[in-house]
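Reviewing the structure listed below.
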Number of protein chains: 2
Amino acid sequence: MNSLAKISEPPASGCCTPDVLSRGLFALAHPARIEILRYLSGVDYCCCKDVVCRLQLAQSTVSQHLKILLEAGLVRMSPQGQRSRYAVDSKALLALSEAVGGLLNACAARADENGREI
Amino acid sequence: MNSLAKISEPPASGCCTPDVLSRGLFALAHPARIEILRYLSGVDYCCCKDVVCRLQLAQSTVSQHLKILLEAGLVRMSPQGQRSRYAVDSKALLALSEAVGGLLNACAARADENGREI
DNA sequence: ATCGTTCATCGTCGATATACGATGAACAGA
DNA sequence: TCTGTTCATCGTATATCGACGATGAACGAT
């Protein structure tokens with residue numbers, strides 16, 4: 001999430017830039033946020049308090065994690081009275097899945113082409 | 001990368017625990033490390049200095065990034081004279097790809113079943 | 001109007017990430 | 001043996017993360 005070298009190469013197999021990718025990956029790279037995603041995907045919707053009850057974390061902490069997921073675009077939110085309705089953005093999840101899969105599979109494939117074992 | 005709530009649920013569609021997953025994701029969640037992976041996958045092998053020449057980073061910084069990728073199991077290394085031979089572990093990349101894809105696709109699918117838009 | 005609930009934000013604290021330069025070990029070659 | 005190269009590690013500085021409690025805003029219910 002910081003300064004990056006400029007590389008004069010095509011951004012590889014039709015996927016995002018490293019910065020966009022790493023932003024999404026960072027949002028995913030925390031056990032609590034993975035659990036939140038899983039939980040969110042299993043219910044129609046839920047509010048912050050629901051998540052607090054699931055995870056053994058303070059409400060403010062959960063709110064922070066939700067904000068990170070929100071800013072990464074993996075989750076959407078709409079105020080609902082005194083609650084906040086959270087739900088996963090399935091399109092965003094699929095897009096990220098494709099981007100990550102594209103990156104990793106392309107790297108693995110290219111590596112296998114080169115073949116030479118270490 | 002820290003304390004996590006205990007959740008009394010199956011770990012979801014046949015993939016790793018959140019901790020294992022997030023460890024791999026964290027290694028991937030940095031633009032420089034993504035670039036290193038891409039670069040590594042495009043050559044038979046390379047040494048630390050090669051990567052330093054690609055990225056605009058100090059040698060010590062690159063060495064750190066390589067260590068992170070190494071400890072996450074995404075990259076392998078073997079000493080080669082005064083160099084260090086680095087190469088991607090394509091099996092590990094594919095495994096991570098499947099795990100991430102499994103997680104995200106399962107979440108997206110479950111969310112779409114529930115259907116209710118926010 | 002008042003009370004209780006829900007939530008986002010602020011301030012704080014400790015741990016960790018990220019970057020760098022400096023240093024020393026390991027090695028190849030002269 | 002001496003020199004230059006390569007690399008990992010150490011030490012350091014700064015920024016950010018991840019956790020918490022406290023606070024105040026927004027809202028529903030009485």
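Note: hydrogens, waters and symmetry copies are ignored here, and every other heavy atom, side chains too, is used. Lettering follows sequence order; numbering is per chain, from 1.
- A:L104 and A:L94 fall into different hydrophobic clusters, defined by Ile, Leu, Val, Met, Phe, Trp and Tyr side-chain heavy atoms under 4.5 Å apart, directly or through other members.
- In the set D:dA22, D:dG18, D:dT6, the nucleotide with an atom closest to the side chain of A:Q59 is D:dA22.
- Interatomic distance, A:R33 CZ to A:F26 CZ, rounded to the nearest 0.5 Å: 5.0 Å.
- Straight-line distance from the CZ atom of B:R85 to the C1' atom of D:dT6: 15 Å, rounded to whole Å.
- Take the nearest nucleotide of DNA chain D for A:A58 and for B:D50: the residue whose nucleotide is more 5' is B:D50.
- A close approach under 4.0 Å does not occur between any side-chain nitrogen or oxygen of B:S63 and OP1 or OP2 of D:dC7.
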Check against side chain to side chain contact (heavy atoms under 4.5 Å, CB included), A:V88 and A:L74: CA-CA 6 Å; A:V88 301; A:L74 304 183; over 6 Å; no

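- Under 4.0 angstrom from either OP1 or OP2 of D:dT16 there lies no side-chain N or O belonging to A:H30.
- The nearest whole Å value for the distance from the CZ atom in A:R83 to the C1' atom in D:dA25 is 17 Å.
- Side-chain atoms of B:D50 come within 3.5 Å of backbone N or O of B:C47 as a donor-acceptor pair.
- The interatomic distance linking A:L70 (CG) with C:dA8 (C1') rounds to 12 Å, in whole Å.
- Of the side-chain N and O atoms in A:R33, one or more sit less than 4.0 angstrom from OP1 or OP2 of D:dG18.
- Note: CG (B:L28) to P (C:dA17) measures 16 Å, nearest angstrom.
- Taking 4.0 angstrom as the limit, B:H65 places none of its side-chain polar atoms (N or O) nearer than this to OP1 or OP2 of C:dA17.
- Side-chain nitrogen and oxygen atoms of B:T61 include at least one within less than 4.0 Å of the OP1 or OP2 phosphate oxygen of C:dC20.
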Considering only nitrogen or oxygen atoms on both sides, find all protein atoms under 3.5 Å from nucleotides 27-30 of chain D and state each distance.
from: D:dC27; atom 1: O2; to: A:Q82; atom 2: OE1; distance (Å): 2.7

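- Within the 4.0 Å cut-off from OP1 or OP2 of C:dT9, at least one side-chain nitrogen or oxygen of A:K67 is found.
- Candidate nucleotides D:dC7, D:dA8, C:dG21 were compared by shortest atom distance to the side chain of B:S60, and C:dG21 ranks first.
- Note that the SG atom of A:C107 and the CD1 atom of B:I36 stand 12.0 Å from one another [nearest 0.5 Å].
- Rounding to whole angstrom units, CG of residue A:L66 and C1' of D:dG18 are separated by 14 Å.
- B:Q80 places its CD atom 13 Å from the P atom of D:dA8, with the value rounded to the nearest Å.
- For A:R110 (side chain) and B:R38 (main-chain N/O), a donor-acceptor pair under 3.5 Å exists by modelled atom type.
- One atom, CZ of B:R23, and another, P of C:dT16, lie 12 Å apart when rounded to the nearest Å.
- Taking atom CG on A:L69 and atom P on C:dA8, their separation rounds to 12 Å, with Å as the unit.
- Closest to the side chain of B:S84, from the set D:dA19, D:dC7, C:dA19, is D:dC7.
- The hydrophobic cluster containing B:I34 also contains B:L70, counting ILVMFWY residues as joined when their side-chain heavy atoms lie under 4.5 angstrom apart, directly or transitively.
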Working for side chain to side chain contact (heavy atoms under 4.5 Å, CB included), residues B:L55 and B:E35: CA-CA 8 Å; B:L55 310 184; B:E35 277 304 334; 3.9 Å; yes

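- Distances were taken from every side-chain heavy atom of B:I68 (C-beta onward) to each of C:dT18, D:dC20, C:dT6; the shortest belongs to C:dT18.
- Position along DNA chain D of the nearest nucleotide to B:K49 versus B:Q64 favours B:K49 as the more 5'-ward residue.
- Taking only side-chain nitrogens and oxygens, A:Y86 comes nearer than 4.0 Å to OP1 or OP2 of C:dA8.
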